[in-house]
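Remarks on the structure that follows.
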Amino acid sequence: MMEETYKDEEINLLDLLLVIARRKRLIISITVGVAIITAVVSLILTPIYKAETRILPPKPSEGGLASQLISKIAGGFDISALGGKTPADLYIGMLSSDTISDRIIERFNIMQEEDIKYKLDARKHLKKITDFNVNKKSGIINISVQHKDPKKAADMANAFVEELKSLNKGLAITEASQRRLYYEEQLKDTKEALIKAENEMKSFQEKTGALQIDVQAKAIISGIADLKAKIAANEVKLKVLKTFTTPQNPDYQMAEEALKALRLELKRLESNEKKGHDPLMPTGNIPSIGLDYIRKLREVKFNETLYELLLKQYELAKLDEARDAVLIQVIDKATPPDKRYKPKRTLMVIVSAFSALFFSIFLCFVLEFCENLQRDEDNKRRIDELKKYLNFQWLKRRKSS
């Protein structure tokens, strides 16, 4: 029995080879024909070029004042580890953003060039021809662009780096940048308040003619105004610390104690004045015009001192931001490629030829099966009956329609 099985398998294999041998011309014709057609098509297709640029992902500075403050507040813990993302992942996300995509689309007139009507479709097209990835070992970010014009491919790749730098400048990514923006907003409000106070003081002097007051009153005004300004500045500083630490942090508690001490000192100074008078008034009675003058001068002095204190902290934040500045360094600038990226003609011909070979062999077996059916009388009769039945059903449906 085993010998008969081996013989049957050997005969079946020979039958398969015989089918291929009998129809070798068909197999060769289809394979060669498809390969030639693919080669012609690959020559007709527009060549696409790929330009690449490589940049070094930004790394936070270790020597900046802002970095030292973060490390001190966090107790040496790496805050960036909380997000689970590396700086390279962050900047790849920025490169893929709609903001940069829209700038590239407008800069290179992609909608007009590709005859695209909607910006959403233009973004999809841009994503198809661009690729951003990071090397996990080296951490280097690779930016590649595919285009039929090699020069434009290189220009677009370099444009992505330029737009990334531009976008990065407008975002507060580092702790120092966040502090700088916060102080910048506070300075803007304080400056407006100072201008308003100065204008009111000027209008009051022009209206009443009050130009000078007692030297003692002015000294008291300046002292208490300075104290109030320091309290306001420390309140701002405490708010900044609150964004990076908790109330249990020693630095936060020290700042809070200093603020309490300033408030107590202000309360002590104000409580020493006589009741029924403005707390900033000097001893003795002051006419109503002098009293109004004192109050307006107090407002000016307060805003002047607060502005100076905030300006110093703003300059320190700017210095930290410069030290912690995120630098995007270009390792390899994109240049126009001299070799096409696709179509890969040799690969196309090889793949199409092998595909055509397997298809033609399968076709040979199908044709062989059909011929065998025609030779067998029983099968031939069944096929004729099937054709008649199908034709009858088709005619019946046609008449009914």
Between the main-chain N or O of [Y] and the side-chain N or O of [X], is there a donor-acceptor pair closer than 3.5 Å?
X      : Y      : value
Ser97  : Met94  : yes
Thr38  : Val34  : yes
Arg54  : Ile331 : no
Thr190 : Leu187 : no

Where [X] and [Y] come nearest, the two heavy atoms and their spacing:
X      : Y      : answer
Leu95  : Ile141 : CD1-CG2, 4.3 Å
Ala51  : Pro337 : CB-CD, 4.1 Å
Ser360 : Thr31  : OG-OG1, 3.9 Å
Lys119 : Ile105 : O-CD1, 4.4 Å
Lys333 : Asn158 : CG-OD1, 3.3 Å
Thr46  : Pro343 : O-CD, 3.9 Å

Got a sec, which pairs hit salt bridge (charged side-chain N to carboxylate O under 4.0 Å, His left out) with one end in residues 132-152, sequence neighbours left out? Glu113-Lys152, Lys151-Asp155
Taking the side chain as everything from C-beta on, heavy atoms only, tell me whether Leu45 gets closer than 4.5 Å to Arg345. no
Determine whether Ile20 and Ile361 make a side-chain contact, defined as any pair of heavy atoms from C-beta on separated by less than 4.5 Å. yes
Decide side-chain contact (heavy atoms from CB on, under 4.5 Å) for Glu114 and Ile129; before the verdict, give the C-alpha distance in whole Å, the side-chain angles of both, and the deciding distance to 0.1 Å. CA-CA 12 Å; Glu114 301 295 333; Ile129 64 174; over 6 Å; no
Rounded to the nearest 0.5 Å, how far apart are [atom1] of [X] and [atom2] of [Y]?
X      : Y      : atom1 : atom2 : value
Asp121 : Asp115 : CG    : CG    : 11.5 Å
Arg22  : Leu367 : CZ    : CG    : 11.5 Å
Glu184 : Leu311 : CD    : CG    : 11.5 Å
Leu164 : Arg103 : CG    : CZ    : 10.0 Å
Ile116 : Asn109 : CD1   : CG    : 12.0 Å
Ile55  : Lys165 : CD1   : NZ    : 8.5 Å

Ring pair (Phe, Tyr, Trp, His ring centres under 6.0 Å) contacts touching residues 136-166 (sequence neighbours left out): Phe132-Phe160
Crowded around Asp338 CG? As in, over 12 foreign heavy atoms under 6.0 Å? no
Does Phe365 CZ have over 12 foreign heavy atoms under 6.0 Å away?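 Yes, the 6.0 Å shell around CZ holds more than 12 heavy atoms from other groups.
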As a quick check of understanding, evaluate side-chain contact (heavy atoms from CB on, under 4.5 Å) for Arg263 and Leu259, giving each step before the final call. CA-CA 6 Å; Arg263 287 173 176 170; Leu259 182 60; 3.5 Å; yes
Starting from the C-alpha separation in whole Å, work towards a yes-or-no answer on side-chain contact (heavy atoms from CB on, under 4.5 Å) for Asn142 and Asn135. CA-CA 8 Å; Asn142 184 73; Asn135 189 304; over 6 Å; no
